[in-house]
Structure formats: C-alpha cells, structure tokens
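Data first, discussion second: the structure below is written as structure tokens.
What you are looking at is a predicted structure, and each value in this text was computed from that prediction instead of being measured. Indexing begins at 1, ligand by ligand and atom by atom, following the structure's order.
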Amino acid sequence: MEPRDSGCIFCKIVAGDIPCAKVFESETCLAFLDIAPVNEGHVLVLPKGHYATLMDIPGDLGGDLVQTLSQVGRAVMEVTGADGLNLMQNNFEAAGQLVDHAHFHLIPRFSDDGLTLWAQAAYDDQDKMNRLAAEIAGLLK
Ligand code: 5GP
Ligand code: ZN
C-alpha cells in the first residue's frame with residue numbers, strides 16, 4: 001500500500017477528490033497540468049505515493065518516473081511546439097517547494113520566451129571545489 005497524507009493536496013488529486021487536467025496515469029505515476037504554468041503546457045509528474053522530497057522516493061520507482069518524464073516530455077514538446085524542455089524539481093521551502101509531495105516540473109521552453117531560470121558563477125577557489133567534491137563523494141562510498 002502506497003503512503004498517503006490526508007492533508008496533502010496532491011494525494012487528494014491522486015485519490016480523485018480534487019480535479020486535475022490529467023495527461024497520463026500509470027500504476028505508480030500521475031501527470032497533470034500545473035494550475036499556474038511557467039509556460040502553457042507545464043506538466044507536473046509525481047509518484048502516486050506520498051513521498052515528501054526527491055530523497056524520500058524509493059529507488060525502485062526511479063525507472064517508472066524516468067520513463068514517464070520522458071514520454072510526457074516528448075508529448076508536451078510536440079503539442080506545444082516547444083523548442084526546448086526544462087525538467088525542474090524543488091526540495092524544501094528554501095528551494096521553492098510549495099507542495100510537500102515530491103513532484104517534477106516539465107516546462108516547455110521557447111527560444112523567445114525570455115525566461116532566465118537561474119544565475120551561475122564559476123568557483124573562485126579551486127581547492128574549495130575539490131574539497132566539496134571529496135566530501136560529497138565520501139558520503140557516497
Ligand atoms: P513546487 O513549488 O512545490 O515545486 O510546485 C508546486 C506546483 O504545484 C506549483 O507550480 C503550483 O502552481 C502547482 N499547484 C499547486 N496546487 C495545485 C493544484 O491544486 N492543482 C494543480 N494542477 N497544480 C497545483
Ligand atoms: Zn501527498
């Protein structure tokens with residue numbers, strides 16, 4: 001039995017208690033239009049089970065999720081005539097997560113849509129970059 005959270009808006013959508021503009025459903029995943037799209041055709045893909053963040057999603061759902069993202073992404077691009085597609089995923093409030101049921105944004109992009117999604121800057125300290133890589137790698141051994 002998949003985990004559910006009775007206070008979660010996406011669990012209510014999965015259960016059919018709140019309507020959504022559904023585009024795809026499988027045994028494990030659901031995809032529907034975001035109610036407030038970055039660009040029209042912006043889709044949310046989620047595991048049906050309630051997992052709060054990416055880090056809580058069981059690894060064995062990974063295959064279904066990637067396959068769903070790929071298939072839905074292709075359909076979104078074709079229908080919207082998009083030139084590109086962003087896959088975005090927010091974890092925790094500091095990263096912009098508003099709904100605590102892990103989900104993936106598929107955002108159709110157009111060459112002239114004028115969006116800048118994030119700013120980047122090169123490391124100013126190569127040692128720091130190497131230290132960070134070593135610390136992260138150390139937790140993954
Ligand atoms: P987050 O910021 O958590 O990554 O994204 C949550 C997304 O869910 C937002 O883009 C928001 O527009 C969308 N959203 C919130 N409530 C609803 C809803 O009831 N229905 C739909 N279709 N989308 C929702
Ligand atoms: Zn939920």
Side-chain angles (χ1 to χ4, degrees), residues 1-126 128-141:
M1 183 70 181
E2 285 162 342
R4 292 266 179 264
D5 178 333
S6 57
C8 169
I9 191 155
F10 285 177
C11 281
K12 288 179 181 153
I13 288 176
V14 168
D17 296 337
I18 292 179
C20 71
K22 181 163 71 179
V23 300
F24 179 79
E25 181 171 16
S26 69
E27 205 179 308
T28 57
C29 300
L30 181 67
F32 52 86
L33 293 187
D34 192 306
I35 204 166
V38 172
N39 282 326
E40 291 183 4
H42 175 169
V43 168
L44 301 175
V45 173
L46 38 132
K48 286 182 167 179
H50 182 89
Y51 305 105
T53 73
L54 171 69
M55 285 73 78
D56 301 305
I57 297 176
D60 62 4
L61 284 180
D64 284 1
L65 278 167
V66 170
Q67 194 184 6
T68 303
L69 287 164
S70 169
Q71 286 176 340
V72 174
R74 197 175 296 120
V76 166
M77 283 197 72
E78 191 167 330
V79 166
T80 61
D83 305 306
L85 185 79
N86 281 117
L87 168 61
M88 302 208 42
Q89 206 273 324
N90 304 321
N91 298 286
F92 302 107
E93 197 179 342
Q97 184 175 11
L98 297 173
V99 179
D100 292 334
H101 180 134
H103 54 280
F104 299 79
H105 297 256
L106 286 172
I107 302 171
R109 295 298 307 278
F110 302 89
S111 304
D112 59 354
D113 65 19
L115 288 172
T116 307
L117 295 182
W118 54 53
Q120 289 178 257
Y123 281 91
D124 53 14
D125 178 346
Q126 191 64 38
K128 185 175 188 190
M129 185 178 178
N130 292 337
R131 263 198 323 275
L132 274 173
E135 277 185 47
I136 295 166
L139 286 186
L140 299 172
K141 283 195 172 124

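Residue contacts with ligand 1: Gln97 is placed with no nitrogen or oxygen under 3.5 Å of a nitrogen or oxygen of the ligand (distance criterion only). Considering backbone and side-chain atoms alike, Val99 places an N or O below 3.5 Å from some N or O of ligand 1. At least one N/O-N/O distance between Leu98 and ligand 1 falls below 3.5 Å.
Given atom 6 (C) of ligand 1, the protein heavy atom at minimum distance is His103 NE2, 3.4 Å. If you check which protein heavy atom lies closest to atom 12 (O) of ligand 1, you get Asp34 OD1, 2.5 Å. Scanning all protein heavy atoms for the shortest distance to atom 23 (N) of ligand 1 gives Ile35 N, 3.3 Å.
When you scan the N, O or S atoms of His50 for the one nearest the Zn ion (ligand 2), you land on ND1. If you look at His101 and ask which of its N, O or S atoms sits nearest the Zn ion (ligand 2), the answer is ND1.
In this structure, His42 has no heavy atom closer than 4.0 Å to ligand 1. At least one heavy atom of His105 lies less than 4.0 angstrom from ligand 1.
Atoms of ligand 1 lying under 4.0 Å from any heavy atom of Phe10, numbered from 1 in the order shown and given with element: 8 (O). Atoms of ligand 1 lying under 4.0 Å from at least one heavy atom of Gly96, given by number and element, are 1 (P), 2 (O).
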